[in-house]
Novice: 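The structure follows.
Computed from a predicted structure; not experimentally measured.
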Amino acid sequence: MAGDEPVTAPDQHKPGHRKSGRIGAVVSAVALVVMAFCGTEEGRVEDIWLFGIAALLLAIVIGDAVLRRNGLRS
């Protein structure tokens, strides 16, 4: 019997805290944008990285929401 069933940890069967993850990603993206505006650096390379990472976080959150709404993710 044990050979037929996959071995998984008990915490893999529990649903994660999706809402907390989404809120954390959005708060992190907002913090990155605020850091870009309030930064004291003279170059703009840091601002590009901060905006890029913030946009990536928001794209992941939006993509996850769209996939869940369409039933493509559980």
Novice: Which residue pairs pass the salt bridge (Lys or Arg N to Asp or Glu O under 4.0 Å) test with at least one member in residues 19-30, sequence neighbours excluded?
Specialist: R22-D64
Novice: Hey, could you give me each pair passing salt bridge (Lys or Arg N to Asp or Glu O under 4.0 Å) that has a residue in residues 51-61? Not counting sequence neighbours.
Specialist: none
Novice: With a cut-off of 3.5 Å and sequence neighbours excluded, list every side-chain donor-acceptor pair involving residues 43-53.
Specialist:
residue: R44; atom: NH1; partner: D47; partner atom: OD2; Å: 2.3

Novice: Work out which heavy atom in S28 is nearest to a heavy atom in L57; give both atom names and the distance.
Specialist: CB-CD1, 4.0 Å
Novice: Using links of under 4.5 Å between side-chain heavy atoms of ILVMFWY residues, direct or through other members, which residues join V66 in one cluster?
Specialist: I62
Novice: Is L56 isolated, or which residues cluster with it under the ILVMFWY side-chain rule of less than 4.5 Å, directly or via members?
Specialist: I60
Novice: What's the shortest heavy-atom distance between A54 and A29, and which atoms?
Specialist: CB-O, 3.7 Å
Novice: Excluding sequence neighbours, so at least two apart, what forms side-chain contact (heavy atoms from CB on, under 4.5 Å) with V27?
Specialist: I23
